[in-house]
Undergrad: 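Shown below is the structure under consideration.
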Number of protein chains: 2
Amino acid sequence: MTFLSASLEQSPSTAEEEAYLYLQRGLRLCRYKPGDRLIPEEIAAEIGMSRMPVREAFRRLAAEGLVTLRPNRGCIVAGLTLDEIYETFEIRSVLEGLAVRLAVPKMDADAFLDLERLLDRMERAGQTGSSDWVVRHQEFHALIYTLSGRPNLIRKINALHVVIEPYMRFWFDYVDKPLSAREEHERLIRAFAQGDALHADQIMQEHILGTAPLLAEFASPVRR
Amino acid sequence: MTFLSASLEQSPSTAEEEAYLYLQRGLRLCRYKPGDRLIPEEIAAEIGMSRMPVREAFRRLAAEGLVTLRPNRGCIVAGLTLDEIYETFEIRSVLEGLAVRLAVPKMDADAFLDLERLLDRMERAGQTGSSDWVVRHQEFHALIYTLSGRPNLIRKINALHVVIEPYMRFWFDYVDKPLSAREEHERLIRAFAQGDALHADQIMQEHILGTAPLLAEFASPVRR
DNA sequence: TCATGGATTTTTGTATCCACTTATCCAATC
DNA sequence: GATTGGATAAGTGGATACAAAAATCCATGA
């Protein structure tokens, strides 16, 4: 579901890494819900290790905002309030807008063809929100962000996607389609073709902020 | 030095917290330099605890990008390449621009007076870059960001400031003054007065991106 | 002189143990 | 019946111990 999901599939080289990936997957797939307590001993038993590596994984997840860690009171799954969902979308809009703006001048004919091909495949995937459409949609955005050539920016964007993935999942499962998606992607392509970085930035910001209200509405059952 | 530095001064309630704050201070004050190895046992001895809490602190610092953790090969201080410094400033520019944009409609007469008072005090502090000027400058920006009413956004901005602080410190120590700072602050105030959010956003972006080349030039000795 | 390989040392990763904090439960009291 | 207080259980934080990995050192040979 995330743009760098491939990199998350690598086999862990330490127990801490394994615990981290295990917990992150659980969080992304909504196996653990906001407010749930994560008990180190339980999780350690589930993946066959002691509590220590699990505790260390908690620290990383806490730093990424996926869980909350209170001294002597354990680890609970962090949930986003409606306000925080909006806030995350606002932050996404400027970060992904920046990525697009930086990508425009680096666009070449090959990359442009790749983009158009993905758009075609999204079209043929049929229903917006279908499994295949979602994958192509991700590839479409990932390709643009990669073009920006800014690894830390991409990392930050990806971290935000992990945080909101449970809410996105709910949305993709239940919402038929964001009707404007196709048109917005085509406008984006056109801005790329014209080399208009600022316009592409603006389209991306609108593209992201436009989905926020939809998401917030449908995400409510997941809220804490 | 950071906008939320006050919140960092709280007394730690656990050993891990203490280790985290100790290491973060060491990193911000350049006591540890990029590429340096951080040896858990040494640090644990320095603050009188065992390696375990120090290791956990490493995880948090790694998630924040302040150190790099390689399996079985320890913890080294992360340095920023010239490209990464630029990238950080690009990210800062859009995030802080967003914060300003959101702050404009929330500006009231009181907040406006506070801003002008800080600008006055910066003026009277004399030399740009002096200790007092730096503090007022931070307060000035912090006040604006607080007005945005977006806690996670502020947290992210602050995290970026911690990352680049060693480079900023070098800059403030050796560079006389960014001549344009005063003029840019006044333009910002004017945009606030007119309620022009987009213009304020743009000014902030230029304000931040304008300092990047200066910083990158003077930061070179700190690079790894 | 430099490269190679293996023994030794150092450091890291994880498990276990203990002390202390927090949560739970139950009875006594209002 | 609701509230409080205290005993008990559960859970967390941290130190130590031990195994495994990496780094270092030194001798050997080209």
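By convention in this document, chain letters (A, B, ...) are assigned in the order of the sequence lines, proteins followed by strands, and residues within each chain are numbered from 1.
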Undergrad: Enumerate the salt bridge (Lys or Arg N to Asp or Glu O under 4.0 Å) contacts for residues 67-79 of chain A, please, sequence neighbours excluded, ordered by first and then second residue.
TA: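 Sorted result for residues 67-79 of chain A: empty, none.
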
Undergrad: Map G48(A) and G74(B) onto DNA chain C by nearest heavy atom, then report which one ends up closer to the 5' terminus.
TA: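 Between the two, 5'-proximity favours G74(B).
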
Undergrad: Rounded to whole angstroms, how far apart are CG on D36(A) and P on dG11(D)?
TA: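 Result: 15 Å.
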
Undergrad: Does the cation-pi check pass for R55(B) over F58(B), that is, NZ or CZ under 6.0 Å from the six-membered ring centre and within 45° of its axis?
TA: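 Verdict for F58(B): no cation-pi partner in R55(B).
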
Undergrad: Report the nucleotide, chosen from dG14(D), dG13(C), dG11(D), that has the shortest atom-to-atom distance to any side-chain atom of I39(A).
TA: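 Out of dG14(D), dG13(C), dG11(D), the nucleotide with an atom closest to I39(A)'s side chain is dG11(D).
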
Undergrad: How about H141(B) and H185(B): are their ring centroids closer than 6.0 Å?
TA: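 Yes - the distance between ring centres of H141(B) and H185(B) falls below the 6.0 Å cut-off.
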
Undergrad: Rounding to an integer number of Å, can you tell me how far R59(B) CZ sits from dT12(C) C1'?
TA: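 Interatomic distance, CZ of R59(B) to C1' of dT12(C): 10 Å.
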
Undergrad: Calculate the interatomic distance between L69(B) atom CG and dT11(C) atom C1'; express it in whole Å.
TA: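 After rounding, the reported distance stands at 13 Å.
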
Undergrad: To the nearest Å, how far apart are R55(B) CZ and dG13(D) P?
TA: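 Spelled out: CZ on R55(B) to P on dG13(D) is 16 Å.
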
Undergrad: Report the distance from atom CE of M52(B) to atom P of dA15(C), rounded to the nearest whole Å.
TA: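 To the nearest whole Å, that distance equals 11 Å.
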
Undergrad: Tabulate protein N/O versus nucleotide N/O from nucleotides 22-24 of chain C, keeping only pairs under 3.5 Å, one per line.
TA:
unit_1  : atom_1 : unit_2 : atom_2 : d
dA23(C) : OP1    : R73(A) : NE     : 2.8
dA23(C) : OP1    : R73(A) : NH2    : 2.8

Undergrad: Taking atom P of dG13(C) as reference, at what distance in whole Å does atom CZ of R60(A) sit?
TA: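 It is 12 Å, rounded to the nearest whole Å.
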
Undergrad: Do NZ/NE/NH1/NH2 and the carboxylate oxygens of R28(A) and E165(A) come within less than 4.0 Å?
TA: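 Counted as a salt bridge, because a side-chain N and a carboxylate O are separated by less than 4.0 Å.
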
Undergrad: Under the salt bridge (Lys or Arg N to Asp or Glu O under 4.0 Å) test, which residues partner E41(A), sequence neighbours left out?
TA: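 For E41(A) there are no salt bridge (Lys or Arg N to Asp or Glu O under 4.0 Å) partners, ignoring immediate neighbours.
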
Undergrad: Can you check whether R51(A) has a side-chain N or O nearer than 4.0 Å to OP1 or OP2 of dT12(D)?
TA: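 The answer is no; no side-chain N or O of R51(A) sits under 4.0 Å from OP1 or OP2.
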
Undergrad: How close or far is atom C1' of dA15(C) from atom CD of E16(A), stated in whole angstroms?
TA: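 Distance, rounded to whole Å: 16 Å.
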
Undergrad: Main chain of L29(B), side chain of R31(B): is a donor-acceptor contact present, judged purely on distance under 3.5 Å?
TA: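 Side chain of R31(B) to backbone of L29(B), a donor-acceptor pair under 3.5 Å: no, none is there.
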
Undergrad: Within this structure, what is the CD-to-C1' distance between E41(B) and dA22(D), rounded to whole angstrom?
TA: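 Spelled out: CD on E41(B) to C1' on dA22(D) is 16 Å.
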
Undergrad: I'd like to check M107(B) versus L115(B) (side-chain heavy atoms, cut-off strictly below 4.5 Å). Are they in contact?
TA: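 Answer yes - side chains close enough.
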
